[in-house]
Amino acid sequence: MLVVMQQGATEEQIDAVIGRLVELGFNVHRSTGVMHTVLGGVGGEEKFDLEVFEVMEGVKEAHRIVSPYKLASRSFKPGGTIVKVGGVEIGGDRVVVMAGPCSVESRDQIEQSADIVARSGANFIRGGAFKPRSSPYSFQGMGEEGLRLLREAADRHGLLVISEVMEIAQIPLVSAYAQILQVGARNMQNFNLLRELGNQRMPVLLKRGIAATVEELLLSAEYILSGGNYDVILCERGIRTFETYTRNTMDISAIPVVKTLSHLPIVADPSHGTGRRDKVAPMARAAVAAGADGLLLEMHPDPDHALSDGAQSLRPSQLEELMPQLRLIAAAVGRSM
Ligand code: PEP
Ligand code: MN
């Protein structure tokens with residue numbers, strides 16, 4: 001359930017409502033907005049009278065949240081969530097770009113990548129050190145050595161780092177090197193991993209599963225939020241449909257749908273969304289036009305020799321060409337870049 005406090009409600013009044021929610025068995029999550037403080041109660045008694053809260057001092061309104069996800073729903077935080085990472089805001093006015101190779105492959109490769117990414121004006125370098133590959137015989141990632149190389153290259157070029165965590169045991173390690181923990185499409189419903197990420201105080205980028213509905217994506221986000229980690233960024237990366245020309249079908253409509261249903265920022269990954277580098281730029285432009293808060297782009301200094309996802313990795317010149325186009329589109333929809 002949700003209790004929306006009046007503008008200017010005092011801390012005592014807020015505490016009194018929290019106390020009442022706790023009495024009724026709810027876990028309380030507080031969202032302090034510019035105008036209103038909203039208290040979300042989850043997991044409490046089914047049968048109780050909303051009036052109990054409506055008549056309390058400082059309460060504006062109380063209602064039950066009908067969607068299966070509560071803390072991820074737009075009503076919990078009508079103004080939207082901004083995730084702050086190392087001075088960069090995701091979900092604010094600026095569209096944020098995270099770019100880099102699918103995998104960290106070598107010192108030279110990641111150094112060149114960081115140089116290109118920084119010069120393009122992007123804020124984050126991406127690169128997996130633990131790779132979820134469809135085949136056990138494919139390159140599985142460099143592990144900790146890859147994280148170290150990624151971090152060093154990022155630091156040399158003033159970039160922030162996003163990297164994937166595939167299992168609970170990797171959380172401390174990846175957290176030591178990256179500022180955002182990426183949960184891959186294949187792990188969107190790894191509920192044990194999500195619960196453990198809820199215990200962290202680290203931003204998490206949660207990718208939509210290849211066959212997941214938007215509701216399932218939001219329920220997976222709810223696992224993380226309900227643990228008290230509110231820094232969740234969603235990612236549309238394409239879903240599997242009957243179409244085979246592209247690797248996945250980039251569901252651009254998921255962006256405005258998520259914006260309606262949830263307060264969480266959403267970024268778009270047109271690289272995995274299309275699987276073809278010639279289709280990445282058009283879908284990136286479309287995603288920004290549709291209201292994406294950011295982009296996750298694969299770019300490789302030499303994509304023809306990439307150890308993973310070369311076909312969908314932009315060439316450096318393509319990233320360079322794309323960035324000014326994105327800036328124009330961002331401005332056209334009232335954003336900046
Ligand atoms: C990746 O970002 O390289 C990746 C493995 O993505 P996804 O989980 O979306 O397939
Ligand atoms: Mn990839």
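Throughout, numbering of the chain's residues begins at 1 and tracks the sequence. Just follow the structure's listing: the first ligand is 1, and inside any ligand the first atom is 1. Only this structure's heavy atoms are used, side chains among them; waters, hydrogens and symmetry mates stay out.
Side chain to side chain, R133 and Q140 fail the donor-acceptor criterion of an N or O pair below 3.5 Å. There is a side-chain donor-acceptor pair under 3.5 Å between E196 and Q200. Q179 and R151 share a side-chain donor-acceptor pair at under 3.5 Å.
Contact atoms of ligand 1 toward G184: 8 (O) (distance under 4.0 Å to a heavy atom of the residue). Set against the non-hydrogen atoms of C102, the atoms of ligand 1 under 4.0 Å away are 3 (O). Atoms of ligand 1 lying under 4.0 Å from at least one heavy atom of K207, given by number and element, are 1 (C), 2 (O), 4 (C), 6 (O), 7 (P), 8 (O), 9 (O).
A185 N, 2.7 Å is the protein heavy atom nearest to atom 8 (O) of ligand 1. Residue, atom and distance of the protein heavy atom nearest to atom 9 (O) of ligand 1 are R237 NE, 2.6 Å.
Between F191 and Y223, the ring-plane angle classifies as parallel under the 30° and 60° cut-offs.
Each of R277, R247, H300 was evaluated against D309; a single residue qualifies, R247, per the side chain to side chain donor-acceptor pair (under 3.5 Å) test. A side chain to side chain donor-acceptor pair (under 3.5 Å) with H272 is found for exactly one of E236, R208, R237, E298, namely E298.
Ligand 1 has no atom lying under 4.0 Å from any heavy atom of G128. In this structure, R208 falls outside the shell of residues with a heavy atom less than 4.0 angstrom from ligand 1.
Polar contact with ligand 1: absent for L296 (N/O pair, distance under 3.5 Å). Between E164 and ligand 1, a contact under 3.5 Å exists for no N or O pair. Any N or O atom pair closer than 3.5 Å counts here, and H272 shares at least one such pair with ligand 1. Close N/O approach between D309 and ligand 1 is not found [any backbone or side-chain N/O within under 3.5 Å].
The N, O or S atom of D309 lying closest to the Mn ion (ligand 2) is OD2. Distances from the Mn ion (ligand 2) to the N/O/S atoms of E298 are shortest for OE2.
Across the listed options R186, M98, R126, R126 owns the non-hydrogen atom lying nearest to atom 2 (O) of ligand 1.
At least one cation-pi condition fails for R20 and F26: the charged atom is not both under 6.0 angstrom from the six-membered ring centre and inside a 45 degree cone around its axis.
Between Y69 and F76, the ring center distance fails the sub-6.0 Å criterion.
Note that CG of N229 is 7.0 Å distant from CD1 of I224, once rounded to the nearest 0.5 Å.
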### Query
How far apart are the C-alpha atoms of Q312 and S271, what are their side-chain angles, what is the distance that settles it, and do they pass the side chain to side chain contact (heavy atoms under 4.5 Å, CB included) test?
CA-CA 5 Å; Q312 66 191 36; S271 307; 4.1 Å; yes

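With the Mn ion (ligand 2) at the apex, C102 SG and H272 NE2 define an angle of roughly 170° (rounded to 10 degrees).
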